[in-house]
Amino acid sequence: MVRVERVADTRNRTGEGPLWHPDEQRLYWVDIPPGRLFAYDPASDDHEVIYETGGDPIGGFTIEADGSVLLFTDRTVERLVPGEASTTVVSEIEATTRFNDVIADPAGRVFCGTMPGEESLGNLHRFDTDGRATVVVPDVDIPNGMGVSRDRDRFYFTETEERRIDAYDYDPETGTLSNRTTFHDVPTGA
C-alpha cells in the first residue's frame, strides 16, 4: 500500500514540476499561472514561496550543477541564484506563447515545450549546453510530461490534447530525437 501525505497546503492554481534540489535538500515546484516558485524543507517541515515573477507564468524549471535555478517563463529563460531576489535573463526564444513543462537530460541539455497559441501550435525545444535553442518537435498541442529512459536510449514525450505519449530514439551524445512511435494512447474518457 502506498501512503500519500500532504506536506504543503499551498492552494496552487496549477502546481507542477516537483524537483529535488540536492544542494539545499529541499523540494521545489512551481505554480504556473501566477509565476511562483515554492520550496519545501522536510527537515523543518516548512514551505515558502522563494521567488515570484510578478505575474508572468513559470512553465517549468531545472537546477544547474552550481545550484542555480533556470526558470522558463514567458518565452524567456532566467537564472535564479537561491536566496537572491532577482534573476538574470539567459536566453529568449521566438514563440507566440509561454513555456510549458521542462526537463534536463543527463548531459545537461534542457528540453522544454511552448504552448499553442490562437493561430499556431506549440513546439518542443532543446537548449544545448552552449545556449543554442533548436525546435526538435514542431506543431505540438500542449507539450507535457517528458523523460529519458533509464538506459538513456529513449525519450518520452506527452502531447496532452492528442492524449498520447510518444517515444523517440534518443542519442545521449547529441540530444537528437528520431523515429517517433506511439508509446501509449489514452482512451477518451479515461
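- Of all heavy-atom pairs spanning Q25 and P42, the tightest one is O-CD, 3.5 Å.
- Through direct or indirect side-chain contacts shorter than 4.5 Å among Ile, Leu, Val, Met, Phe, Trp and Tyr, I50 is connected to L19, Y28, V30, I32, L37, Y51, I58, F61, I63, V69, L71, L80.
- Using a 4.0 Å cut-off between charged nitrogen and carboxylate oxygen, R164 and E159 count as a salt-bridge pair.
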Could you pull out all donor-acceptor pairs under 3.5 Å where a side-chain atom in residues 130-137 meets a protein atom, sequence neighbours excluded?
from : atom 1 : to   : atom 2 : distance (Å)
D130 : OD1    : R132 : N      : 2.9
R132 : NE     : D128 : OD2    : 3.4
R132 : NH2    : D128 : OD2    : 2.7

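- With hydrogens and angles ignored, the 3.5 Å screen pairs a side-chain donor or acceptor of R126 with a backbone N or O of G175.
- Checked by atom type, the side-chain pair T96/E119 shows no donor-acceptor distance below 3.5 Å.
- N144 and T160 are linked by a side-chain donor-acceptor pair at a separation below 3.5 angstrom, with hydrogens and angles left out of the test.
- Distance CG/D141 to CD/E161: 5.0 Å, rounded to 0.5 Å.
- The pair E48-R26 counts as a salt bridge, with a side-chain nitrogen and a carboxylate oxygen less than 4.0 angstrom apart.
- Rounded to the nearest 0.5 angstrom, L70 CG and R79 CZ are separated by 5.5 Å.
- Residues F157 and M146 come closest through the heavy atom pair CD1-CG, 3.5 Å.
- Between the side chains of D46 and Y40, no donor N or O sits under 3.5 Å from an acceptor N or O.
- Note on ring orientation: taking the six-membered ring where Trp is involved, the planes of H47 and W29 are tilted (angle from 30° to 60°).
- Of the options D169, D105, D166, a salt bridge (charged side-chain N to carboxylate O under 4.0 Å, His left out) to R154 is made by D169 and by none of the others.
- Taking all atoms of both residues into account, the shortest heavy-atom contact from N123 to P138 is OD1-CA, 3.1 Å.
- Between V102 and G60, the shortest heavy-atom distance links the atoms CG2-CA, 3.7 Å.
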